[in-house]
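A short write-up of the structure that comes next.
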Amino acid sequence: MSAAGILLCAGSSNRMGFDKLNTPLCGKTAIERSMDALVAGGCGSLVFVVNDASEATVRALSVPVPFAVVRGGEQRTDSVRNGLSKAAGDVAVIHDAARCFVSPDLVRACIEAAETTGSGVAAIPVTDTVVRAENGAVETLDRSKLFRMQTPQAFRMDRIRAAYETEGYATDDATLYAKRFGAPTFVPGSEENGKLTTGADWKRAVGRLDPPAYGIGFDTHRLVEGRDLILGGVTIPFEKGLLGHSDADVLLHAIMDAILGCLKLGDIGKLFPDTDPQYEGVSSRVLLREVGNLVQKRDMVVRHVDATVICQRPKLAPYRAEMESRIAADLGISPGAVSVKATTTEGMNDEGKGLCISAQAIASVAHR
Ligand code: MG
């Protein structure tokens with residue numbers, strides 16, 4: 001038997017405040033993701049049901065199977081009816097493009113159920129308690145009989161066309177099918193197959209598709225007389241300071257390298273070369289803010305910074321909180337997302353002998 005996918009791309013997206021179907025989500029629109037899953041799950045042809053915006057998206061796609069494009073109607077039922085009129089196959093697989101994380105396995109399971117029983121609709125048993133609240137009275141419904149309906153919903157083509165001809169309007173296809181042919185076959189749906197509806201859905205999807213990146217940084221500067229000691233943007237009273245082209249804030253340098261590592265932008269030496277006179281004596285906080293801006297320009301955010309300063313003397317504990325709050329302020333993030341620690345090397349190594357101070361850092365950067 002052959003299966004034709006009917007991909008509903010005509011829904012309005014006003015609940016999200018932007019166009020959820022036609023805006024690329026980590027490189028691919030919801031329409032393209034849904035199309036790929038339908039084809040991988042066994043649809044040998046497709047009908048895209050579109051509006052103005054989604055028609056442009058669909059026309060720009062490279063569609064790997066024979067396809068048609070039709071306009072959506074006033075309501076979902078009208079849109080499906082338009083799609084059915086152009087579909088060619090033994091089974092119709094109706095799918096909302098907003099459920100763009102549908103798996104090919106679920107598509108295939110719905111098609112197989114439709115081939116053998118006439119229908120296969122994705123549904124999830126309700127696990128929360130559901131009540132009907134009306135006129136001040138609350139009735140607890142028997143959840144063992146309740147299901148949340150998803151798509152894909154697959155049907156034998158002749159049956160679903162007949163149901164759509166005679167059974168009026170509904171918010172899903174299974175309802176119309178049931179009116180004419182009795183209960184459809186339920187196929188276990190999945191939570192991953194949720195609809196992209198709110199901004200929070202979109203954020204969760206981005207987090208799943210594009211997890212945070214991590215970067216590390218390390219730096220050492222020599223301790224010399226006649227320089228201020230500046231660590232984490234804080235000037236610390238001490239008889240020596242760190243030698244360098246800028247203010248030699250070894251902690252901020254390690255943190256900047258960690259963040260640049262997340263963005264794969266090289267290191268601070270590449271971004272702010274010490275041969276460039278504009279960086280002579282510059283406060284590293286100015287550079288940290290520039291690195292923070294690079295993150296924001298990519299619509300990303302520094303999630304967390306953790307750093308260790310390796311230093312025999314002076315004691316840094318009294319300055320830690322101030323360092324954390326300055327670093328957070330320069331990056332435009334909460335002080336709770338920044339951790340600064342310090343350790344001695346018990347008199348060993350160059351840090352322990354007071355010749356230098358070193359710092360290491362790790363940072364994570366994610367999409368907003
Ligand atoms: Mg340095």
Side-chain angles (χ1 to χ4, degrees), residues 213-296 302 304-317 319-320 322-333 337-345 348-365:
Y214 297 88
I216 63 170
F218 175 82
D219 198 19
T220 298
H221 281 262
R222 203 179 284 276
L223 262 178
V224 295
E225 283 173 3
R227 295 264 300 178
D228 286 339
L229 177 61
I230 300 169
L231 287 172
V234 178
T235 304
I236 295 167
F238 191 54
E239 69 261 23
K240 290 180 176 178
L242 293 171
L243 182 64
H245 185 70
S246 65
D247 62 4
D249 188 330
V250 70
L251 172 57
L252 295 193
H253 292 186
I255 289 172
M256 284 189 272
D257 268 1
I259 294 169
L260 292 173
C262 297
L263 302 178
K264 216 173 174 306
L265 282 179
D267 54 32
I268 52 171
K270 184 179 160 197
L271 236 71
F272 314 114
D274 61 10
T275 49
D276 188 335
Q278 70 164 308
Y279 299 121
E280 172 125 35
V282 73
S283 162
S284 296
R285 293 190 67 187
V286 171
L287 307 182
L288 182 63
R289 278 175 219 140
E290 281 194 34
V291 169
N293 287 338
L294 287 174
V295 175
Q296 278 168 26
V302 176
H304 190 76
V305 171
D306 183 32
T308 300
V309 183
I310 304 153
C311 168
Q312 194 67 34
R313 279 182 60 237
K315 283 267 164 258
L316 300 180
Y319 308 101
R320 276 176 44 196
E322 184 59 25
M323 293 180 196
E324 288 170 351
S325 81
R326 289 190 185 188
I327 293 162
D330 289 343
L331 291 172
I333 60 177
V338 178
S339 156
V340 172
K341 315 184 300 298
T343 184
T344 71
T345 49
M348 295 178 289
N349 306 337
D350 288 345
E351 292 90 346
K353 291 173 190 136
L355 297 175
C356 65
I357 293 177
S358 303
Q360 48 189 209
I362 184 165
S364 61
V365 169

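In listed order, ligands and their atoms are each counted from 1.
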Practice problem: Pull up every protein N/O/S atom sitting under 2.8 Å from the Mg ion (ligand 1), skipping waters. | Solution: Asp219 OD2, His221 NE2, His253 ND1
Quiz item: Looking at Glu351 and Arg313, does any basic side-chain N land under 4.0 Å from a carboxylate oxygen?
Solution: no
Quiz item: Charged N to carboxylate O below 4.0 Å: is that the case for Asp306 and Lys341?
Solution: yes
Within the supplied structure, the quantity of interest is the number of heavy atoms (other residues, nucleotides, ligands) at a distance under 6.0 Å from [X] [atom1]; does it exceed 12?
X: Arg222; atom1: CZ; result: no
X: Leu355; atom1: CG; result: yes
X: Glu239; atom1: CD; result: yes

Quiz item: Between CZ of Phe272 and CG of Asp267, what distance do you get to the nearest 0.5 Å?
Solution: 10.5 Å
